[in-house]
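Reviewing the structure listed below.
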Amino acid sequence: MTFYLIILLIFILLIIGLIYWIFRIFKSYKKGNKKSFFTQVSILGLLLIVLTWQLQIFPFSKNFYIKEQTEKLIGKSFWSWEEYDYEGLGIRGEGYTLDIYEFNDEMAEYFSKPPTDFIQNYPPEEFADIKMDGNARKRK
């Protein structure tokens, strides 16, 4: 419980510090110190871009994350919106969800005739406890 209170306190202090920083930026602009103003606005903007990228709020940041994850999982990176279509059929009940995706012809060909080292190397052990063995899957 105290851990969460400490995190909340740090979060509140960060927000207060950000508000104070923005106040100082406007104050330096009013004083006519434009070099300091543009430097601080640039730093603040860069920090906001990095933060929103990491939180995947920034446009397309989630798509880059998906592209990196697919490369780690299957050895081939691709843009998700170009390679498969979401069919929009979801069967929900008993805590399970079934989502159906349809790959385009190029990706379907890649999975139907994978490279020779595909089954031995993918998915890496740090990502899954299930290794593929031909068409069957086995638990370790």
Side-chain angles (χ1 to χ4, degrees):
M1 181 72 175
T2 58
F3 174 74
Y4 294 114
L5 291 174
I6 292 171
I7 297 296
L8 179 65
L9 181 64
I10 291 171
F11 183 69
I12 291 170
L13 289 174
L14 282 173
I15 290 174
I16 291 170
L18 182 64
I19 292 169
Y20 179 71
W21 188 15
I22 291 171
F23 171 74
R24 297 273 305 189
I25 289 173
F26 283 116
K27 193 174 177 182
S28 70
Y29 181 74
K30 284 183 178 181
K31 285 183 178 180
N33 193 353
K34 298 210 187 295
K35 184 177 181 182
S36 173
F37 170 76
F38 286 119
T39 303
Q40 290 189 40
V41 166
S42 299
I43 293 171
L44 179 63
L46 185 64
L47 285 174
L48 287 176
I49 288 173
V50 168
L51 179 67
T52 57
W53 185 272
Q54 291 299 318
L55 294 175
Q56 296 177 355
I57 300 170
F58 197 82
F60 292 111
S61 61
K62 182 71 171 179
N63 295 330
F64 279 97
Y65 173 76
I66 291 171
K67 186 176 180 181
E68 291 169 5
Q69 289 299 99
T70 56
E71 185 172 14
K72 289 177 185 175
L73 287 172
I74 63 170
K76 182 174 181 164
S77 69
F78 56 86
W79 293 110
S80 56
W81 67 82
E82 293 178 356
E83 300 299 332
Y84 61 81
D85 293 324
Y86 176 64
E87 292 296 319
L89 174 66
I91 301 171
R92 304 187 193 290
E94 302 296 326
Y96 295 99
T97 302
L98 175 65
D99 294 322
I100 300 171
Y101 296 91
E102 182 179 346
F103 284 104
N104 66 12
D105 294 336
E106 180 185 345
M107 284 306 291
E109 184 70 24
Y110 176 77
F111 285 117
S112 65
K113 297 176 185 168
T116 55
D117 64 343
F118 182 79
I119 292 174
Q120 289 82 24
N121 296 336
Y122 298 103
E125 291 194 19
E126 63 266 11
F127 286 108
D129 62 346
I130 299 172
K131 281 300 235 183
M132 290 183 277
D133 183 23
N135 291 330
R137 292 173 26 183
K138 294 184 201 174
R139 284 220 181 257
K140 288 183 182 180

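Quantities reported herein were computed from a predicted structural model and do not represent experimental measurements.
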Inset, instruction - Flag yes if more than 12 heavy atoms outside K67 fall under 6.0 Å of its NZ atom; otherwise flag no. - result: yes
Inset, instruction - Identify, with sequence neighbours excluded, every residue that meets side-chain contact (heavy atoms from CB on, under 4.5 Å) alongside L13. - result: L9
Inset, instruction - Could you list who else is in L47's hydrophobic cluster, with ILVMFWY side chains joined at under 4.5 Å, directly or through other members? - result: L18, W21, I22, I25, F26, Y29, F37, F38, V41, I43, L44, L48
Legend entry - With L46 via side-chain contact (heavy atoms from CB on, under 4.5 Å) - residues at least two apart: none
Legend entry - Contacts of type side-chain contact (heavy atoms from CB on, under 4.5 Å), residue Q56, not counting sequence neighbours: S61, K62, Y65
Legend entry - Which residues share a side-chain contact (heavy atoms from CB on, under 4.5 Å) with I57, sequence neighbours left out: T52, L55
Legend entry - Members besides F3 in its Ile/Leu/Val/Met/Phe/Trp/Tyr cluster (side-chain heavy atoms under 4.5 Å): Y4, I7
